[in-house]
Each structure stands twice: as structure tokens, then as C-alpha cells.
Undergrad: 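Take this structure, written in C-alpha cells, and hold onto it; I'll ask about it next.
What you are looking at is a predicted structure, and each value in this text was computed from that prediction instead of being measured.
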Amino acid sequence: MATAPVLADAPGRTPAHRDRADLVVLAVEAALLAAAVGVGIVLNARGVGLYADAAPLYATWRPHAGWGTPAALLVAVVVLAWGVRWARTARWGALLAAGWLASVAWTLSLALVDGWSAGLTRRLTVQAEYLHEVPGVGDVAGLLAGFTGRILDFQPDSWSTHTAGHPPGALLLFVWLDRVGLGGGTVAGLACVLVGATVAVSVPVTLRALGAPDAARAVVPFLVLLPGAVWVGASADGIFAGVVAAGLALLVVRGPVTALLGGVLLGFALYLSYGFVLVGVLALAVLALRPAARLRALLAGAAGVAAVGAAFTLAGFRWWEGYELVVSRYYQGWGAERPYAYWIWANLAALLLCAGPVLGPALRRAVSGVVAAARTGWRRAALATGVRAAGPVVLLPLAAAVAVAGADLSGLSKAEVERIWLPFAVWLLVAAALLPAGARRWWLAGQAATALAVNHLLWTVS
């Protein structure tokens, strides 16, 4: 992308200076990760309630390999050897299809490092997960009307951990699958993979609609070799990421009808996770960057969100009541013991392992772009260097960073953010399009190596 490097760094910075700055940021990332692991080991040894054996990740140390190992290596080699160059010249439809298929292959391969049963089929069937509750759901109306009464713990019919910690939309997804004859752990795990992989389509589509076609092509390989795919396959947060990304894409791709559908998806996302209130920051950024008809899209999207909210409320579930109770439930369990003083910064190390080492250097360039634009005046910068094309590549990652900061500071995201923040991590990676074209393959190799190291050294838990 020709214009991005001009925007992404302050005037007068040479390529050598920029490369050194990237290396400094990479060193900071390594120090943060080392500190989070080291302090986590010490705190676990002292019996502090981290409830994460391989802190900062919710996992256990367990080096292993499986028949997914060669498949994952093959996908990584293909993307690195041919995917980066092909993404620049391929037909748009073919690129999106190939991106989704490659993302599915990458995610499935990583899951199968743990084996078909342990890595996929049984991931969502344990007591803490949604599938544990599906057999006991009679009718949807009764589920919604009585949902809040079962959120608090230490009562005979309290919901399992993940069900209680989310609005009822998350459980409904798996209930609906079961009702149409697609029940069980295998289908649920595959649904997480197939829907989660759609971020490799939705994010580029959004960028292209916002006038950044070169960036849209550049980010596809980074979305394919997403280290967070370790948790997409298989956790419900993979589905959540796909729903959020699709909703944001629909806000901008065409007219008010698609914006309305986007609002419906984003409204439903509010009933997948209480934390998705923060997606509003991304939605506003997307609408602000929309080339035309912003007000119409805003009104249509808001109508879609309101319609979903009204439907759930009329059916008996009041979102605000659920949120108040889930905060209480959070402090009935591990949330009360996990130390805020550790997780407030160790969460960022977990995010780093989810988004990959490219995160810091990419965000550095996005921040530099905002600083440079502020110095010269945003309008003047647009005329001089083509900021219109690079704007989404700068503003969307920064909007995602604001959302992550809000979640982190809230104290309601202590640990397990490597999967919980997946819907934001994929938008952070948009900034990877700001990296020099010649360096992207090396950064992608680091992304793939991160995912392979995490998946083979640790036994991750959904």
C-alpha cells in the first residue's frame, strides 16, 4: 500500500529509523511477555488465586504434538510462500473465498494438534460450557423469562459458568443448532471454526467499502494466520468474533437495508456478551469513516439494534438486570480472587499472544499516523498523502484499542482474554497493513510461529 507508510510515521523518519523503532517495540513486547510468565509462575507457586496454570494464559504447560501439526505447518508454508503475493493480485471474490478456506484450514489444524476429540468434539461439552445446559432447555420463551433467576451461584438450578456469565443469546445459538438436528460437541466445535473464520472475509470487506482496497488485501494473510485461531477452534468466542465482524461490515457495504441487518447482528451481539457494549466504539468509527449516507446508516443500524433489544425485553429478559446479576456472579467465583494488580497488565500479554507479535509495531505506526495527521491538519494530510485510503487502517485499530482498554480497566476481564477479546483482536490487526510490503512476510512468519508455539507447548482451555 503506497500511501500507508507516508501516513504512518512522522515526517523526516527514514526507513532505518522506522525499522529500529519496530525492533524496540518488539523488545518491549518480549519483556512484557517474559514478565507476565515469570510473575505468573511466582504467584502460582505462592498459591495466589490466578486460576491460570500457565499465566497469563488460561492453560497448562504440556508440550505435545498431534496429527494436526503437519497440517498446520503446511498451511503456514503455503500462505507465507504464495499467499502474500497472491493476495495483491487475485480477483476479489476468489481472494475472499480462499481467505475463508485457508482460515478454516489453519484453525482446524491447530485444534487437531490436540486430537479430534480433545481438540474439537469435547471442548464445548464440559460442565462449564453452554452445551451442558442445552438438554435442560424446554422452550425458548421459558428460557428467556427465567434466565436472570438462575444467574447467581450457590443455588440448585444456577447456570453453568459460561452460561451465567453471558446473556441468553449465547446459549440460544447452541439450542437452535440442537433443535434443527445439529446438536453435540462436534457440530458445535465446527460451528465455532466455520463462523470464526468469516472474520477473514468481513474485515477486508469493511476496509474495501471504506475506501482502502489495498489495505483490505494486505490484511487477509494476517487474518488467516491469526494466532488467536488457537481459541477460535473451539470456543464460542470464535462465533462471537464472526458475528461482530459481519455486523460491522454490513453497516458500510451498501445502503440502509444492509445497515439495518448490520444493526440486527450487532444488537444480537449484545445478547452474546455484556462486554460487547464496547463494540459501539468500533461501530461509530466505521460509520464515521463511511464515505456517504452516514446518518441514514446510523439510523438504520440503531433501528436494528433497538429491534433486537425490544424482542429480548418483551420475551422476558432485561439486559440491564442480567448485567447487574452477572457482576455479582463474577465476584462469587474466581473473579473475586484473581488479583487486579497482576491481570491489569498481564491481560495485555495474553492479548499479545492472541494477536501476535505484529501487534505492537503495527499499532505504533497507527499512533504515529494520528500524530502526524494532527501536526499537519487531518484535512491537509488527506489532500497531500491520500489519508482517505489509509484512514480506516489507522482509526479502526485505535478504536479497537480503546475498547480493549475499557474492558481491561473495568476489572471484569481478569484472565482468559486471549479468547474473550478475539472480536477486538481481529480489528487491531488491521494496522498490519501499515507495515512495509517487503517486511510483511517476516511478520507473518512470526505470527504463525506464535500460534504453533502456544498450541504445542500449552494445553489451552476454552
Side-chain angles (χ1 to χ4, degrees), residues 49 51-52 58 123-179 188 192 235-241 243-244 266-280 305 308-338 340 343 406-417 419-423 461-462:
Y51 296 102
Y58 184 51
R123 285 280 172 165
L124 298 175
T125 60
V126 297
Q127 190 276 334
E129 287 284 357
Y130 304 101
L131 293 187
H132 175 76
E133 304 290 358
V134 169
V137 175
D139 62 283
V140 171
L143 166 67
L144 295 175
F147 192 85
T148 54
R150 300 175 61 182
I151 291 177
L152 293 179
D153 206 354
F154 308 119
Q155 54 181 329
D157 61 346
S158 60
W159 294 117
S160 58
T161 302
H162 284 192
T163 303
H166 295 78
L171 175 59
L172 277 177
L173 287 177
F174 297 103
V175 169
W176 288 333
L177 280 176
D178 184 72
R179 294 295 191 268
C192 294
S235 72
D237 296 273
I239 293 179
F240 301 169
V243 170
V244 168
L266 294 178
F268 186 67
L270 290 173
Y271 291 85
L272 295 176
S273 171
Y274 296 102
F276 287 161
V277 169
L278 294 168
V279 172
V305 172
V308 174
F312 272 93
T313 303
L314 291 173
F317 175 76
R318 295 172 177 81
W319 189 96
W320 55 93
E321 292 180 0
Y323 176 75
E324 290 179 359
L325 289 167
V326 88
V327 171
S328 299
R329 170 70 182 249
Y330 184 72
Y331 289 105
Q332 285 181 310
W334 292 350
E337 297 185 53
R338 282 174 165 163
Y340 184 81
W343 291 110
D408 196 27
L409 293 171
S410 73
L412 297 176
S413 293
K414 291 185 289 188
E416 305 180 54
V417 298
R419 62 170 179 80
I420 296 171
W421 290 350
L422 275 169
V461 184
S462 298

Undergrad: If you look at every heavy atom in V279 and V244, which pair is closest and at what distance?
TA: CG1-CG1, 3.9 Å
Undergrad: So how far is it from L152 CG to S328 OG, rounded to the nearest 0.5 Å?
TA: 6.0 Å
Undergrad: Classify the ring geometry of F312 against Y271: parallel below 30°, tilted from 30° to 60°, perpendicular beyond 60°.
TA: parallel
Undergrad: Please check this pair: side chain of S273 against backbone of G275, looking for a donor-acceptor N/O pair closer than 3.5 Å.
TA: yes
Undergrad: Does D153 offer a backbone N or O that forms a donor-acceptor pair with the side chain of Q332 under 3.5 Å?
TA: yes
Undergrad: Can you give me the closest heavy-atom contact between S410 and A407, atom names plus distance?
TA: OG-O, 2.7 Å
Undergrad: Of all heavy-atom pairs between S235 and C192, which one has the smallest distance, and what is that distance?
TA: O-SG, 3.2 Å
Undergrad: Can a donor-acceptor pair be found between the side chains of T148 and E321 at a distance below 3.5 Å?
TA: no
Undergrad: Please test W334 against K414 for side-chain contact (heavy atoms from CB on, under 4.5 Å), starting from the C-alpha separation and ending with a verdict.
TA: CA-CA 9 Å; W334 292 350; K414 291 185 289 188; over 6 Å; no
Undergrad: What are the two closest non-hydrogen atoms of L422 and G238, and how far apart are they?
TA: CD1-N, 4.4 Å
Undergrad: For side-chain contact (heavy atoms from CB on, under 4.5 Å), just list the numbers for E133 and R150, CA-CA rounded to whole Å, side-chain angles, deciding distance to a tenth of an Å, and then say yes or no.
TA: CA-CA 12 Å; E133 304 290 358; R150 300 175 61 182; 4.0 Å; yes
Undergrad: Can you tell me if Y130 and H166 form a side-chain donor-acceptor pair at under 3.5 Å?
TA: yes
Undergrad: Would you say the side-chain atoms of T163 pair up with the backbone N or O of W159, donor to acceptor, closer than 3.5 Å?
TA: no
Undergrad: Okay, side chain of W319, backbone of L270: is any donor-acceptor separation there less than 3.5 Å?
TA: yes
Undergrad: Using only atom types and a distance under 3.5 Å, with no angle test, would you say the side chain of D237 pairs donor to acceptor with the backbone of F240?
TA: no
Undergrad: Think R329 forms a cation-pi with Y323, using NZ or CZ under 6.0 Å from the six-ring centre and within 45 degrees of its axis?
TA: no
Undergrad: For a side-chain contact (heavy atoms from CB on, under 4.5 Å) check, start with the C-alpha distance between L177 and L173, then their side-chain angles and the critical distance, and finish with the verdict.
TA: CA-CA 6 Å; L177 280 176; L173 287 177; 5.9 Å; no
Undergrad: At their closest point, which heavy atom of P423 faces which heavy atom of F276, and how far apart are they?
TA: CG-CZ, 3.5 Å
Undergrad: Closest approach of A415 and I420, non-hydrogen atoms and distance?
TA: O-CD1, 4.0 Å
Undergrad: Does the side chain of D408 reach to within under 4.5 Å of the side chain of W421, using non-hydrogen atoms?
TA: yes
Undergrad: Under the criterion side-chain hydrogen bond (donor to acceptor under 3.5 Å, both in side chains), which of Q127, H132, E129 is the partner of H162?
TA: E129
Undergrad: How many angstroms lie between atom CG of L171 and atom CH2 of W176, to the nearest 0.5 angstrom?
TA: 10.0 Å
Undergrad: Apply side-chain contact (heavy atoms from CB on, under 4.5 Å) to R123 and L131, showing your working.
TA: CA-CA 10 Å; R123 285 280 172 165; L131 293 187; over 6 Å; no
Undergrad: I need the F174 CZ to R179 CZ distance, nearest 0.5 Å.
TA: 14.0 Å
